[in-house]
A.B. asks: 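Quick one: the structure is below, questions incoming.
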Protein chains: 4
Amino acid sequence: MATTIAKGVDASVYARRYADVRSFTERLCEPLATEDYVVQSMEDVSPTKWHIAHTSWFFETFILKPYQPDYVEANPAYAFLFNSYYTQVGARHCRDRRGYLSRPTVAEVFAYRQHVDTAMQDLLESDDETLVGRLARLIEVGLHHEQQHQELILTDIKHVLSVNPLRPAYRTSDAVAVKLATAQNWVEIPGGIHWIGHEGEDFSFDNERPQHRVFLEPFALASRLVTNEEYLEFMDDGGYARPELWLSLGWQAVEENGWSEPFYWEKKNGWWSVFTLGGMRPLDTAEPVVHLSYFEADAFARWAGARLPTEAEWEVSVAGISRAGNFVETELLQPAVAADSERGGLQQVYGDVWEWTQSQYLPYPGYRPPTGALGEYNGKFMCNQLVLRGGSCATPATHIRPTYRNFFPPDATWQFSGVRLARDA
Amino acid sequence: MATTIAKGVDASVYARRYADVRSFTERLCEPLATEDYVVQSMEDVSPTKWHIAHTSWFFETFILKPYQPDYVEANPAYAFLFNSYYTQVGARHCRDRRGYLSRPTVAEVFAYRQHVDTAMQDLLESDDETLVGRLARLIEVGLHHEQQHQELILTDIKHVLSVNPLRPAYRTSDAVAVKLATAQNWVEIPGGIHWIGHEGEDFSFDNERPQHRVFLEPFALASRLVTNEEYLEFMDDGGYARPELWLSLGWQAVEENGWSEPFYWEKKNGWWSVFTLGGMRPLDTAEPVVHLSYFEADAFARWAGARLPTEAEWEVSVAGISRAGNFVETELLQPAVAADSERGGLQQVYGDVWEWTQSQYLPYPGYRPPTGALGEYNGKFMCNQLVLRGGSCATPATHIRPTYRNFFPPDATWQFSGVRLARDA
Amino acid sequence: MATTIAKGVDASVYARRYADVRSFTERLCEPLATEDYVVQSMEDVSPTKWHIAHTSWFFETFILKPYQPDYVEANPAYAFLFNSYYTQVGARHCRDRRGYLSRPTVAEVFAYRQHVDTAMQDLLESDDETLVGRLARLIEVGLHHEQQHQELILTDIKHVLSVNPLRPAYRTSDAVAVKLATAQNWVEIPGGIHWIGHEGEDFSFDNERPQHRVFLEPFALASRLVTNEEYLEFMDDGGYARPELWLSLGWQAVEENGWSEPFYWEKKNGWWSVFTLGGMRPLDTAEPVVHLSYFEADAFARWAGARLPTEAEWEVSVAGISRAGNFVETELLQPAVAADSERGGLQQVYGDVWEWTQSQYLPYPGYRPPTGALGEYNGKFMCNQLVLRGGSCATPATHIRPTYRNFFPPDATWQFSGVRLARDA
Amino acid sequence: MATTIAKGVDASVYARRYADVRSFTERLCEPLATEDYVVQSMEDVSPTKWHIAHTSWFFETFILKPYQPDYVEANPAYAFLFNSYYTQVGARHCRDRRGYLSRPTVAEVFAYRQHVDTAMQDLLESDDETLVGRLARLIEVGLHHEQQHQELILTDIKHVLSVNPLRPAYRTSDAVAVKLATAQNWVEIPGGIHWIGHEGEDFSFDNERPQHRVFLEPFALASRLVTNEEYLEFMDDGGYARPELWLSLGWQAVEENGWSEPFYWEKKNGWWSVFTLGGMRPLDTAEPVVHLSYFEADAFARWAGARLPTEAEWEVSVAGISRAGNFVETELLQPAVAADSERGGLQQVYGDVWEWTQSQYLPYPGYRPPTGALGEYNGKFMCNQLVLRGGSCATPATHIRPTYRNFFPPDATWQFSGVRLARDA
């Protein structure tokens, strides 16, 4: 939520982007049965229906109601049902009870969405270009918010389908061809004062600002992500049975949850398979390991004689690297093998898996959240969460930036989260 | 589960009854949206979809698989998903996770139901009348089991809809006309040795047998059910704030759950309204109070200077009374006012609300559960539950008997449960 | 709490009995270290210190404060700290936090006890014999209450010491000599109308009254208690792994608690030993099995092709049998082997172990609790508890009667509870 | 746990320091009753008895057993009972069950302590000065470890006594005289590259090393701690009722725990009083506010238009300031009023209260934990904890350093934790 105001905005660009982003959400829902939209399989997961409604509620609450005097709410009760956590805009339904709501039905939720879309298109096509200019930043926030929920729709429905003993697929697709993983090299980065964080007119979330200086000692990053094969070595070496490899809270999580392999892995008759959005598949050892908690990523790094990077190290290292990668648009919906074994430098920086850093999610020096309810978007979560970087195979390509800070608690496993190693130089 | 074998059974009667009972279940589902079938709003509640499947699983497991050699299962995984609690027929899905299953879809569950119905109709129309004769008792059990789940479909969907802030109606219908409640009289019953329990060829559950003698002191039963008006007097007299009126566990439930009125009651602007299957309605003070826990029924009786009847007292008292009443077939789906204020004797014995007794649900002297998995139907629940008698406005009329023993834990409130007072003579 | 008033009471008898009972409590404390008095090892257990104080509070609250106008409380805060569950005499400290109180110290608690004793002795030795006569029933209640806590002091300290990895003994003593258990016979009892319950001037608790008639079918009781050897056969036959032997709640308890042997049993190097008040000892297979929950007693009986007796069956059967037995005064503090293998009839009726019955703890017909706070003594616990009969090796001999009804929830294991089988005749 | 080896150690210095530190622990126990040693009032709290034993176990485990071949354990079971969290030296008793242990008694625990002390004094007075030289770092760790537990003994016993409705004092003492708090000024610190962390021969914990550079923007620190008066203004301004002032997890803590004032505050008849180690006292508004969680400290700072300092800002700011302060040796055992209102610069830097920083407890760049079990001392706790700086009124004066990093989870309130504000320059 950058604080500057966009100038010279072409409203038609926003209308088109709005239509594109919103319709992509709907496209992600196409494979779902009506029943799939309803289930909340754990507190962190929201029903798809709720995502569809909440993203619409966002535009309704932050743009239509304050700035469109003629706007009529689809249903006043929705303000309660579909507010996620914004205390400054009113009361809200308990998060852990989202799966108790059979109504509004899926059809009613899509009608609500259409109601909001119609009003938004009216606004975006209004003659008052000044209005769109003034709202440009809010529209950007709404669209990037929508993209965040696109990724959550996929990670949440993956969880919902996975707890079903039938292990249904979200969408059947051909398995990704197995390739050999490239060798891992170390890419050395010099120490000194570096700038990190976002600056300028381009959109960023408030938590990426202000740009500021950090002092780094020399370090090295692994050229690629850790693979399933490497993670299996950790497991075979007793990784899940050796408390000395784990943070204290991590070992507690191992014991309480009975962890002995990554989330979504299952062993039958001596063979590992994994649950994917395409259903159960044999484990591809060359693929990047995914769905690790921070605790597992950290333990693996310690076992490997390395460590996780800090977010500043990560950001400094990726300067100048192309933002191409295996994003949601490839429709693989699983991390894929690093393709370019010959090229030097860092690979798989963007897409594939979110990379855990050892950095707690804290405000940057000089950080100020926006005033009003949107100030709750990021700032209030800056405690007991770790930063992840780089996007995943479920992230929209236009959503990611070098400065982008994703964040989750250290025991979260249902996101597409993996590891890139670091070490002191 | 009577132990005798039916003789001279007319198979066509069973085919017709099977069709009638099964189609009535489906009729109860007609008002539901697809989404309504999926939700489990608390552990005691099962999704409608699960009821639809489980009742079919029952016929498949106890009749088709053992007695129809050609029968092919619709889906082998369903044996796991739709077994409720029969340990002797295999493993089963956790009860508290029934709401996590979006698949099989509603359409798939109805297809499964149709698959079982087709096989059952083949069996019931088979030339081998001996077979139907031999299976008559099992078929009876299956149909009465289905009727139990018909009531549960209604009480469970009522709970599901009630937790939704939108308070949607299961089916809109006109409110029941308000009538004055009849005066309450005491009907005196002499003491001595009485026979209770079921005997003979007619169907009963195993827990109603054997017929046996009990010695009763003289007592009196109230001529009708306790009304909302009477219960409001209890509340106005501090009923929920006076621990001396409550059992120790009951007072604990009051404090832990913050009870201060019956379940489904809501006060707004000084007026009480209640959630019904027809949506929110103003409280009708003349109607029987309903959705009481045993603890509330017991505290009310203590406050009223009376007590709850024992199940033996209840059964002895209703001898010879017509089994007519406000059952599910009236489609009121709420208890109604006692109509016949002039008639003497006990009124509202059957239908309207299940009447809590002070009798723990224990085996009758000489009780033997059937051998095999069906022995788990009733016997293993004979601990920490109280007996209720008489059926409710959600019970099928052909399901109830004077000897019928329903049972729930003392804190259960989501059933149509109410109170008839008793006292020593 | 009988309702009649004692006549012609000899006050000196009460003074002597008071002194005897109170000093016996203190004698039970002699082996304890100061630290032992403080610990609460689970919610059901109270620190010894609390028992010492609470039994004094009882005399203070129900006799000294209402009937001794000059009585001055030792410390007004004690009314809050040492009230167990009497809501009508004021607020009280949370039960599950009794182990958080280091103060008052043990010495202070004994000083409080002495303060009450002095005032009580003044009262009992007062010239006003009428007073003692009027208070006779309350004094009786207070002394029997004290005796109940004498047993609880032993069962609670046993639990406290058992959770300590050092497994310290309450008091070292020689092991009981091993004898062969007598053969089990069946003692047949005819059916018909029987009287049970207490009548007359002698003390009883309110829950034993009124005397009333019950109708029993013919039945048989086992001549002696079930032994460890017999229970081992049940275990060897997979008793803890066969859900069909268990009540549904019982099986749940097995799974949740991981039960695979009786409480206090430990297996090391293939040999069973048990924790006793004398420390760890090898299992004596001839001794009665003890520390069973109702669930285990019930499952064992089902496995044995028998059942548990009802409390009426038990009471009818023991008519005329001597009240001798292995009580706390023998100081064995463990159940012992049935000594008289030649004598016919029922053995081990009193003492050794409390015998689980299948009877829920319910009010007798015509039961009325006393008015006032003492009405909370028994009546409010009449829900979800099972009756046990006959007293144990930790019960004072003068405390037991044929009509005595002890009661605990079905999962309780820390009492000296065992099994006598019954069957239909 | 510095990695270098002490040279030219004078063994007699260690013998004297050992005796001093150990005897100070015992002095802290003098006001306690035997019963006070036993209680564990919440999982974070350990019984005093346990602290007395655990600190002895530490010397036994890390020095006597590995380096004194003749050493004989006092009791082999103690290795299990008194190991806190060192997985590499064996199994240990559950932390949340430390209050279940009445044995070993207090006397036995002190005998164990004496046993260790005798062996340690033998070692420290041994002729083999090389040995002491080699063990110097371990001895230092043991003594600093003991000092940490000295503070915990006080904070834990404060909690134990506070949950007792009698609110007993640890030690009665005169209240601190009330003085006016000095005005708060802002002390400006220039930005740039700074060195933080410990370097050199002097003792430090491993988590303070290595010394390294950080880049800081210019900032300012408050000249003194926040007072009760200022905190009351926050409360009067609705501080505990305004979610927009809180971190999301902080607001959750407010709601779940019902926080509406600092821990240990009680309001009666409109007046605030606080529980102290000297018992209940009227709130002194001029004293520094203490027993705040991080969440409260953070919300207060946000309300005040300021923020919490980072640990680097704190460390850089205190360079050159004297290490004097209100430590445990003053025996006030409460924070006191800043005395020197005229002096410029930072006041109350050391002692009084630990100062929450906004810095998560993370490894310094280049951090390596020691090998072996002592590597578990600090490193494995580097997740979801916040750094506190400066020591408190319960910290031994010789225990603190400018580089010292204390750490607790953000909801901890039972430590002497308070706030110094910071802001961007």
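Letters go in sequence order (proteins before strands), and every chain restarts at 1.
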A.B. asks: Specify which of C:His212, C:Arg302, C:Arg307, C:Gln358 makes the most heavy-atom pairs with chain B at under 4.5 Å.
C.D. replies: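 The candidate making the most pairs under 4.5 Å is C:Gln358.
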A.B. asks: Atom CG in B:Asn384, atom CG in C:Asp411: separation rounded to 0.5 Å?
C.D. replies: 8.5 Å
A.B. asks: So, do B:Cys383 and C:Phe295 sit near enough that their side-chain heavy atoms are less than 4.5 Å apart?
C.D. replies: yes
A.B. asks: Using a cut-off of under 4.5 Å for heavy-atom pairs, which of B:Pro410, B:Gly379, B:Pro369, B:Pro365 has the most such pairs with chain C?
C.D. replies: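 Going by pairs under 4.5 Å, I would pick B:Pro410.
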A.B. asks: Is there a side-chain contact between C:Ile193 and B:Phe215, using heavy atoms and a 4.5 Å cut-off?
C.D. replies: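 Contact flag for C:Ile193/B:Phe215 side chains = yes.
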A.B. asks: Which one of B:Thr310, B:Val214, B:Leu362 has the most heavy-atom pairs closer than 4.5 Å to chain C?
C.D. replies: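 With the most close heavy-atom pairs to chain C, the winner is B:Leu362.
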A.B. asks: Measure B:Tyr86 against the heavy atoms of chain C and call it side chain, backbone, both or neither at under 4.5 Å.
C.D. replies: neither
A.B. asks: Which atoms of B:Glu376 come close to chain C, meaning under 4.5 Å heavy atom to heavy atom: side chain ones, backbone ones, both, or neither?
C.D. replies: neither
A.B. asks: Would you please test B:Asp424 and C:Arg368 for side chain to side chain contact (heavy atoms under 4.5 Å, CB included) and show each step?
C.D. replies: CA-CA 11 Å; B:Asp424 299 336; C:Arg368 291 278 178 287; 3.4 Å; yes
A.B. asks: Rounded to the nearest 0.5 Å, what separates atom OG1 in B:Thr371 from atom CD in C:Glu244?
C.D. replies: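 Separation between the atoms: 12.5 Å.
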A.B. asks: Top residue by heavy-atom pair count (under 4.5 Å) with chain B, among C:Leu216, C:Leu249, C:Leu247?
C.D. replies: C:Leu247
A.B. asks: Taking the side chain as everything from C-beta on, heavy atoms only, tell me whether C:Arg242 gets closer than 4.5 Å to B:Thr87.
C.D. replies: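 Contact flag for C:Arg242/B:Thr87 side chains = no.
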A.B. asks: Between B:Lys380 and C:Asp298, is the closest basic N to carboxylate O distance under 4.0 Å?
C.D. replies: no
